[in-house]
Amino acid sequence: MFEGRDTPPRPSCVVCGDDPHAKSVAARLIADVGFDPVDAGPLRIARYTEPFAMLTAQLAYGTDQGPNWAYRFRRVDQLFGT
């Protein structure tokens, strides 16, 4: 990931939190290592990220396809320019 951090499109990584400054710092760190930070809202939303992480781990390590999996969140209007 780190080597390709400046090559679009970058995979997404969600960030949740109640402290705007802390979320800003986390988003910068996420971007620095090669991901596109996605603000998913307050800390109470973080509980929904764990099942998604488990799905990603299942695809990476529970199949014979290997660990090179990533996800990318994009708004539909950004995809199609509407």
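All residue numbers in this chain count up from 1 along the given sequence. These numbers were taken from a predicted model, which means no experiment stands behind them. Just so you know, these numbers use all the heavy atoms, side chains as well, and skip hydrogens, waters and symmetry mates.
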Return a table of donor-acceptor pairs under 3.5 angstrom between the side chains of residues 40-59 and protein atoms on other chains or two or more places apart.
from: T49; atom 1: OG1; to: A46; atom 2: O; distance (Å): 2.6
from: T56; atom 1: OG1; to: F52; atom 2: O; distance (Å): 3.1
from: Q58; atom 1: NE2; to: G62; atom 2: O; distance (Å): 3.4

**Study point:** Those residues that, when tested against A60, pass side-chain contact (heavy atoms from CB on, under 4.5 Å) (two or more places apart)
**Key:** P67, W69

Point to revise | Trace of the side chain to side chain contact (heavy atoms under 4.5 Å, CB included) decision for V15 with V38 | key: CA-CA 6 Å; V15 59; V38 175; over 6 Å; no

Review point. Do any pairs count as a salt bridge (Lys or Arg N to Asp or Glu O under 4.0 Å) and have a residue in residues 17-30, sequence neighbours left out, and if so which ones?
Key: K23-D39

Review point. When clusters are formed from ILVMFWY side-chain contacts under 4.5 Å, directly or step by step, what else is grouped with V25?
Key: L29

Check your understanding: What pairs meet the salt bridge (Lys or Arg N to Asp or Glu O under 4.0 Å) rule with one or both residues in residues 56-75, with sequence neighbours excluded?
Key -> D36-R72, D36-R74, R75-D77

